[in-house]
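Here the structure comes first, spelled out in structure tokens, and everything after it is commentary.
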Protein chains: 2
Amino acid sequence: MMADSDSPPPTDEPPGQVNPEFADVLKLFTVLSRAHASLMQKSKEDVARHGLTPAEFAVLEVLYHRGPLLQGDIQSRILASSGGITYLVDRLAERGLVERRESPEDRRARYAALTAQGIAFMDRIFPEHARCLARSSAALSPGEQRQAIELLKALGKGARDAPPCSDAP
Amino acid sequence: MMADSDSPPPTDEPPGQVNPEFADVLKLFTVLSRAHASLMQKSKEDVARHGLTPAEFAVLEVLYHRGPLLQGDIQSRILASSGGITYLVDRLAERGLVERRESPEDRRARYAALTAQGIAFMDRIFPEHARCLARSSAALSPGEQRQAIELLKALGKGARDAPPCSDAP
DNA sequence: ACCTGTTATCTTAGCATTGAGACATTGATG
DNA sequence: CATCAATGTCTCAATGCTAAGATAACAGGT
């Protein structure tokens, strides 16, 4: 299969050829998106059984594992907008799973914390959820999983730190 | 609802400890989500410069590289809902980048195809975009990228094929 | 021809999420 | 003090997206 010279194709069937230099990066982004979508789908179905969205579950999870947190800290950890946090905490508070607490030293700031009911709820559903993810990730051996973790950690950090694409050489 | 009637002491400690057995899977899901979010953010900013959402760009990209496609095929490739495809193709058609074509042998089906203008548009912006992703993924060497591709391919396929978490042992 | 089930797209309603701005508080600087 | 920028949360309108149902066309069997 060789590249044909060049033909300004009529509007009918013109695949743009991928420059081989970029083939791997594009592929990487594709499989990354697909893998994420697949796992997220499983996770979503699982938490939906308890009437939660993934974002709501993410809030509960981070509070479950780290204790009360300033809403801004939750925001940076689960990657949501500030308005989104307000909305999420509102909904979870209505269910009695989370409560807001004032900060003693900064009256602008509010903590969000699991209620006793919220803790009990997570005690019940979190282990199931962890098993769900484990089963969904079982195609990778424990060693491969650790390998993937290291690669993805570096990839994520690199992408976060990379300069905006708008100012490119 | 002020209610600090009997809240737990201010010095709470994290309620839920992670079972070490599941530590790696949870970590994997986290770094996968973060890496995806970081790269997606870069990609989003890049295509936003041309007034496109990531989903719109995904449609253009798949048509650019594979030629005219049944809308259902686009749907499965970019992982959107059927209604989403209608909406996306509508918007792209309004801009003159994409057009619908009837299928000769199945009158239910419609093809979506890039217009000449759409092709010219992609000729112009796609290489930039590929460079953007390449720069954002540069934390991984080419070898590491290929390694990550293989791992993520297996992970994604495994998660897609895994049975629903609801029927667990 | 006539059902029955399946496939492909479109329609509609609803929702979670974002983004921009408002408001209050804090801390630094003069 | 007084001022001004920075910070933390909340409000609100806009929007992209999904899920479910509606519509239409195909395919197979009887």
Side-chain angles (χ1 to χ4, degrees), chain A residues 33 36-38 40-45 47-60 63 68-95 98-113, chain B residues 1-2 33 36-37 40-45 47-60 62-63 68-95 98-113:
Chain A
S33 298
H36 177 254
S38 301
M40 183 54 92
Q41 180 60 23
K42 286 275 187 266
S43 174
K44 190 175 173 179
E45 286 169 8
V47 303
R49 295 189 302 155
H50 308 103
L52 294 172
T53 68
E56 287 170 336
F57 184 80
V59 172
L60 294 179
L63 294 178
L69 243 46
L70 288 176
Q71 294 184 168
D73 290 338
I74 302 178
Q75 182 186 344
S76 59
R77 281 183 193 283
I78 74 169
L79 308 175
S81 63
S82 78
I85 293 296
T86 302
Y87 185 48
L88 285 167
V89 174
D90 279 352
R91 283 183 300 177
L92 292 171
E94 275 171 18
R95 293 203 204 183
V98 159
E99 66 181 6
R100 287 193 171 89
R101 300 181 192 167
E102 328 247 312
S103 163
E105 65 255 335
D106 187 340
R107 275 189 306 182
R108 294 168 299 179
R110 331 259 317 254
Y111 283 89
Chain B
M1 45 178 126
M2 13 227 335
S33 297
H36 178 254
M40 183 54 91
Q41 180 60 24
K42 285 273 186 269
S43 173
K44 190 175 175 181
E45 287 168 10
V47 303
R49 294 189 302 153
H50 307 105
L52 294 171
T53 68
E56 286 169 337
F57 184 81
V59 172
L60 294 179
V62 71
L63 294 178
L69 244 47
L70 288 175
Q71 294 184 167
D73 291 338
I74 303 179
Q75 180 186 345
S76 59
R77 282 182 193 281
I78 74 170
L79 307 174
S81 62
S82 80
I85 293 296
T86 302
Y87 183 47
L88 285 167
V89 174
D90 278 352
R91 282 184 301 178
L92 293 170
E94 276 172 18
R95 293 202 205 184
V98 160
E99 65 183 7
R100 287 196 172 87
R101 300 183 192 166
E102 328 247 313
S103 165
E105 64 256 334
D106 188 340
R107 276 187 308 182
R108 295 166 300 177
R110 331 262 313 256
Y111 284 89

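Quick note on labels: first sequence line is chain A, next is B, and so on, each numbered from 1.
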- For Arg95(B), which residues count as a side-chain hydrogen bond (donor to acceptor under 3.5 Å, both in side chains) partner, sequence neighbours excluded? none
- Note on the structure: Glu94(B) meets the side chain to side chain contact (heavy atoms under 4.5 Å, CB included) criterion, sequence neighbours left out, with none
- On DNA chain D, which is the earliest and which the latest nucleotide, 5' to 3', with an atom closer than 4.0 Å to a heavy atom of chain A? dA6(D) to dT11(D)
- Task: Please list, chain by chain and in numerical order, all residues satisfying side-chain hydrogen bond (donor to acceptor under 3.5 Å, both in side chains) with Asp73(B), sequence neighbours excluded.
- Result: none
- Identify, with sequence neighbours excluded, every residue that meets salt bridge (Lys or Arg N to Asp or Glu O under 4.0 Å) alongside Arg107(B). none
- Task: State which residues pass side-chain hydrogen bond (donor to acceptor under 3.5 Å, both in side chains) with Glu102(A); sequence neighbours excluded, sorted by chain then number.
- Result: none
- Item | Reading 5' to 3' through nucleotides 6-17 of chain C, protein heavy-atom contacts under 4.0 Å coded B for base, S for sugar-phosphate only, - for none | -BSBBB----SB
- Message: Taking side chain to side chain donor-acceptor pair (under 3.5 Å) as the cut-off, I'd like each qualifying pair that reaches into residues 75-88 of chain B, sequence neighbours left out, listed once.
- Response: none
- Applying side-chain hydrogen bond (donor to acceptor under 3.5 Å, both in side chains) to Gln71(B) and not counting sequence neighbours gives Arg100(B)
